[in-house]
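Atoms within each ligand, like the ligands themselves, are counted from 1 in listed order. Index from 1, following the sequence.
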Amino acid sequence: MYDKVTESARYIGNKVTNFKPEIAVILGSGLGDLVNVLEDKEYIDYKDIPNFPQSTVEGHEGRLVFGRIKGIDVLAMQGRFHYYEGYTMKEVTYPVYVMQQLGIKKLIVTNACGGINTSFNPGTLMLIKDFINLFGTNPLIGVNDQRFGPRFPDMSEPYKLELIDKAKTLADELGIEYKEGIYAGFMGPYYETAAEIVSIGRQGADAVGMSTVPETIAANYLGIDVLGIACITNMATGIQKHKHSHERVVATAKKVSADLCTWVAKIIENIE
Ligand code: HPA
């Protein structure tokens with residue numbers, strides 16, 4: 001895998017020569033607007049990158065976007081890979097491995113998810129404090145290649161406290177409201193049952209979604225600091241009265257997207 005990742009990173013590095021980002025952002029469903037804030041953009045479609053997995057899900061574009069915010073180089077992933085699409089965990093997290101070789105030091109992950117904590121509403125932005133991995137697997141299973149990271153990585157600060165503190169200070173300055181909570185990663189692709197939500201809530205989760213956890217695990221393993229911001233697009237099954245709809249999830253994400261973009265842009269400006 002190391003050689004494959006190197007080949008992918010080399011292709012990207014040769015194509016985009018005037019950017020050297022140390023910060024990357026993964027944009028969740030309906031949260032792609034951040035790229036509009038980026039200046040001097042350059043795009044690379046996933047399909048053109050050797051060894052890169054291909055995107056299939058609705059609402060996800062499938063390309064890397066290089067750009068700048070206030071002179072700071074940024075790499076944005078527009079479209080991520082989900083385990084429920086049938087990718088292996090290694091494929092889901094492949095871009096994060098490539099990021100390591102591109103020199104990324106900090107990763108901001110965003111997502112759309114369901115609220116379990118009843119003090120949340122659709123539209124709430126939640127800083128992720130910690131995760132619960134309910135995928136039943138993870139991307140680090142298998143023979144370890146020390147060139148990537150350690151066999152037994154520490155996971156005591158999956159979302160870097162320093163970044164969380166900075167994000168909070170900046171949100172207060174901007175007047176952006178946010179909550180904090182624990183994100184549970186569920187395999188999907190079905191929205192959880194009501195009984196599963198009760199169970200996941202008892203385990204300590206404030207929100208549940210189908211992404212983010214694999215990328216967070218890989219990034220921590222690879223020595224990349226992570227900040228996670230979840231957009232509560234709906235209340236989880238059994239808490240909200242109506243049935244779920246992907247269209248509604250994306251519509252709600254789009255509504256909060258402006259605040260999220262402002263916030264993430266400000267974090268990027270102040271991170272280094
Ligand atoms: N559950 C899981 N994933 C989700 C949800 C949800 O309620 N909303 C958006 N993504």
*Asks:* Should M235 be listed as contacting ligand 1, given a heavy-atom distance under 4.0 Å as the test?
*Replies:* no

*Asks:* Tell me, please: is Y191 in heavy-atom contact with ligand 1, that is, under 4.0 Å?
*Replies:* yes

*Asks:* Going by heavy atoms in the side chains, are D206 and Y183 under 4.5 Å from each other?
*Replies:* no

*Asks:* Identify, for atom 8 (N) of ligand 1, the protein heavy atom at the shortest distance, and state residue, atom and that distance.
*Replies:* N234 OD1, 2.6 Å

*Asks:* What protein heavy atom is closest to atom 5 (C) of ligand 1, reported as residue, atom name and distance in Å?
*Replies:* G114 N, 3.4 Å

*Asks:* What protein heavy atom lies closest to atom 10 (N) of ligand 1? Include the residue and the distance to one decimal.
*Replies:* A112 O, 3.3 Å

*Asks:* Students should be able to answer this: which protein heavy-atom is nearest to atom 2 (C) of ligand 1, and at what distance?
*Replies:* E192 OE2, 3.0 Å

*Asks:* Near K129 NZ, under 6.0 Å, is it more than 12 heavy atoms from other residues, nucleotides or ligands?
*Replies:* yes

*Asks:* What are the atoms of ligand 1, with element, lying closer than 4.0 Å to any heavy atom of T233?
*Replies:* 8 (N), 9 (C)

*Asks:* Run down the list G209, G28, P122, G115 and name the one with the heavy atom closest to atom 3 (N) of ligand 1.
*Replies:* G209

*Asks:* Could you point out which residue of Q240, H242, H246 forms a side-chain hydrogen bond (donor to acceptor under 3.5 Å, both in side chains) with H244?
*Replies:* Q240

*Asks:* In the structure I gave you, are the side-chain heavy atoms of V109 and Y159 within less than 4.5 Å of one another anywhere?
*Replies:* yes

*Asks:* Hey, would you say the F81 and Y94 ring centroids sit under 6.0 Å apart?
*Replies:* no

*Asks:* Take the angle between the ring planes of Y2 and F148 and call it parallel below 30°, perpendicular above 60°, tilted in between.
*Replies:* tilted

*Asks:* Distance under 4.0 Å to a non-hydrogen atom of H244: what atoms of ligand 1 satisfy this?
*Replies:* 7 (O)

*Asks:* Give a yes or no on whether the ring-centroid distance for F135 and F131 is below 6.0 angstrom.
*Replies:* no

